[in-house]
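Below: one structure, written as structure tokens.
Predicted model, so just to flag it, every value in this text is computed and none were measured.
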Amino acid sequence: MEGSFSSHFLAALIIFLSFTSCANLSSAARHAAEKASTEFIRTSCGTTTYPKLCYTSLSAHASVIQTSPKLLADTALAMVQSHGLKPREVAAMHDCVEELSDSIDQLRKAMGEMTQIKGSNFGLMMNDIQTWVSAALTDEDTCTDGFAGNAMNGNLKTTVRARVVNMAHMTSNALGLINSYASLHN
């Protein structure tokens with residue numbers, strides 16, 4: 001009986017150790033697969049224009065993507081589609097980019113003129129600077145107008161408006177300081 005108990009105990013111990021080894025191996029294999037998937041995504045994203053954005057947006061789907069280039073591409077495409085812009089948002093963004101580009105050009109002209117300001121041409125140069133900065137402010141306001149109305153509610157509107165409003169506030173401050181500077185020389 002004692003020998004029988006020992007052999008049963010030994011058999012149970014072997015089964016237990018085999019089971020725990022398989023469970024640990026399974027856990028280790030799962031961990032290795034997850035690590036391989038995230039590393040595959042990181043490496044693949046390294047070839048993109050915006051690697052950090054690529055990795056952060058796709059790594060959450062590593063268990064689905066695994067190491068499949070097709071699943072990686074499918075997931076990336078699905079995410080773009082789900083984060084796509086509506087036609088009106090695309091038009092507003094296009095207009096806004098044009099307006100901000102004009103605004104930047106106006107501000108560059110003003111900054112260039114500001115470094116060239118001389119006593120004899122001060123008034124004329126200051127008028128140009130004031131006009132350009134005022135035009136930049138108008139362009140910034142026009143950009144935000146494209147996102148007006150209830151049809152444009154959402155993250156895009158909030159994000160764009162917040163950034164452009166901040167830029168407009170800074171431009172307005174600059175215009176106020178330029179006007180003060182101009183008034184000192186009149």
*State, to 0.1 Å, how close Ser44 and Leu72 come at their nearest heavy-atom pair, and which atoms those are.*
CB-CD2, 3.4 Å

*Pairwise side-chain contact, Ile178 with Trp132, heavy-atom cut-off 4.5 Å (strictly under)*: no

_Give me each pair satisfying side-chain hydrogen bond (donor to acceptor under 3.5 Å, both in side chains) with a member in residues 134-149, each pair once, sequence neighbours excluded._
Ser103-Glu140, Glu140-Thr171

*In terms of hydrophobic clusters joined by side-chain contacts under 4.5 Å, are Val133 and Phe122 together?*
yes

_Reported SG-to-CZ distance for the pair Cys96 and Arg161, which is rounded to 0.5 angstrom_ = 10.0 Å

*Taking Thr38 for its side chain and Glu34 for its backbone only, find out whether a donor-acceptor pair lies under 3.5 Å.*
yes

*Quick one: CG on Leu58 to CD1 on Ile41, what's the gap to the nearest 0.5 Å?*
6.0 Å

*Which residues pass the side-chain contact (heavy atoms from CB on, under 4.5 Å) test with Ser68, sequence neighbours left out?*
Lys70, Leu71

*State, to 0.1 Å, how close Gly146 and Ala92 come at their nearest heavy-atom pair, and which atoms those are.*
O-CB, 3.5 Å

_Separation of Thr131 OG1 from Gln106 CD (nearest 0.5 Å)_ = 9.0 Å

*Could you grab the distance from atom OG of Ser37 to atom CZ of Arg42, nearest 0.5 Å is fine?*
12.5 Å

*Identify the two heavy atoms, one from Ala148 and one from Lys157, that lie closest to each other, and give their separation to 0.1 Å.*
C-NZ, 4.3 Å

*Could you grab the distance from atom CG of Leu100 to atom CE of Met93, nearest 0.5 Å is fine?*
8.5 Å

*Would you check if Thr48 and Tyr55 make a side-chain contact, meaning some heavy-atom pair closer than 4.5 Å?*
no

*To the nearest 0.5 Å, what is the distance between NE2 (His169) and CG (Leu137)?*
9.0 Å

